[in-house]
Amino acid sequence: MTIGDLDPAALWLAGGLALGIAELFVPGVFLIFLAIAAGVTALTVWAIPELPAVLQLAEFAVWSVVCVVIGRRWYRDFPVDSDAAVLNEPARRLLGQVVTVTSPIVGGEGRARLGDGEWPVRGPEAATGARLRVAHVDNGVLLVEPLSD
């Protein structure tokens, strides 16, 4: 398969490069696997220049499936850690954080410092300076519990 004087291996390589670049701009993680398949096809066409276009396309299709299957298994076995799971629930990021009581917790209510802010808290009686853990967030109020040792 030749288009004018263009080398088919170079075309497959350019296609793979274009797919790899597109992966940077398109959400999701699948174009990179097609880029790898195009790269493998480019190597095959470079090694066997007289390979018919139909077989080149078939090889690309087979390698695409193989790469996607391997990629899916890889991401299942080695998940990517991300804050995206709590992107729409920022309060979940506070769970497990340690706060320092700034106004004593009396009658179940007080105030505590978390990071550079001060929050209303509800929880067990605690003196100023006590350290507690955020167990839940309810309408901007931190529900705290004693630190477990």
Side-chain angles (χ1 to χ4, degrees), residues 1 3 6-46 53-149:
M1 168 172 123
I3 299 175
L6 297 176
D7 179 27
L11 290 174
W12 281 109
L13 199 57
L17 183 62
L19 287 165
I21 291 170
E23 175 69 32
L24 298 173
F25 299 104
V26 176
V29 186
F30 70 95
L31 291 177
I32 194 66
F33 303 124
L34 301 181
I36 292 168
V40 171
T41 303
L43 289 174
T44 303
V45 172
W46 177 74
V54 172
L55 290 180
Q56 291 178 33
L57 291 171
E59 178 187 3
F60 174 70
V62 169
W63 278 112
S64 293
V65 170
V66 168
C67 289
V68 168
V69 167
I70 290 171
R72 287 187 66 183
R73 177 171 282 194
W74 176 271
Y75 283 115
R76 185 195 68 210
D77 294 344
F78 304 101
V80 177
D81 292 331
S82 171
D83 288 337
V86 294
L87 182 63
N88 293 323
E89 298 179 57
R92 283 185 46 194
R93 287 184 247 179
L94 302 176
L95 300 181
Q97 298 290 319
V98 176
V99 300
T100 304
V101 176
T102 56
S103 295
I105 300 176
V106 178
E109 295 186 357
R111 293 190 66 79
R113 178 165 300 284
L114 175 61
D116 62 354
E118 199 169 293
W119 294 71
V121 296
R122 287 197 308 251
E125 304 281 320
T128 301
R131 294 171 42 90
L132 303 167
R133 182 176 321 281
V134 177
H136 190 68
V137 180
D138 183 28
N139 292 325
V141 177
L142 304 180
L143 305 178
V144 294
E145 62 188 9
L147 289 174
S148 57
D149 294 324

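Start at 1 with the first residue, then count along the sequence. All values below come from the heavy atoms of this structure, side chains included, with hydrogens, waters and symmetry mates left out.
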Quick one: does any side-chain atom of R133 pair with a main-chain N or O of G96 as donor and acceptor, under 3.5 Å?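 Yes, because the side chain of R133 sits within donor-acceptor range (under 3.5 Å) of the backbone of G96.
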Please find the pair of heavy atoms, one from [X] and one from [Y], that lie closest to each other, and give the distance.
X    : Y    : answer
A126 : V101 : CB-CG2, 4.1 Å
P104 : T128 : CD-OG1, 3.3 Å
P8   : Q56  : CB-OE1, 4.1 Å

Sole candidate of V134, V141, N139 that passes side-chain contact (heavy atoms from CB on, under 4.5 Å) when paired with V137: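 With V137 as partner, V134, V141, N139 yield a single side-chain contact (heavy atoms from CB on, under 4.5 Å), made by V134.
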As a test of understanding, state which of L147, V99, V98 forms a side-chain contact (heavy atoms from CB on, under 4.5 Å) with L132.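 Per the side-chain contact (heavy atoms from CB on, under 4.5 Å) rule, the option paired with L132 is V99, out of L147, V99, V98.
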Indicate yes or no: at least one non-hydrogen side-chain atom of [X] is less than 4.5 angstrom from one of [Y].
X    : Y    : value
L94  : W119 : yes
W12  : F60  : yes
L142 : Q97  : no
E125 : I105 : no

Contacts table for residues 18-43: side-chain donor-acceptor under 3.5 angstrom, sequence neighbours left out:
unit_1, atom_1, unit_2, atom_2, d
E23, OE1, F30, N, 3.4
E23, OE1, L31, N, 2.9
E23, OE1, I32, N, 3.1
T41, OG1, A37, O, 2.9

What distance do R113 atom CZ and T100 atom OG1 have between them, rounded to the nearest 0.5 Å?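 Result: 8.5 Å between the selected atoms.
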If you count heavy atoms of other groups shown closer than 6.0 angstrom to CZ of R73, is the number above 12?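 Open.
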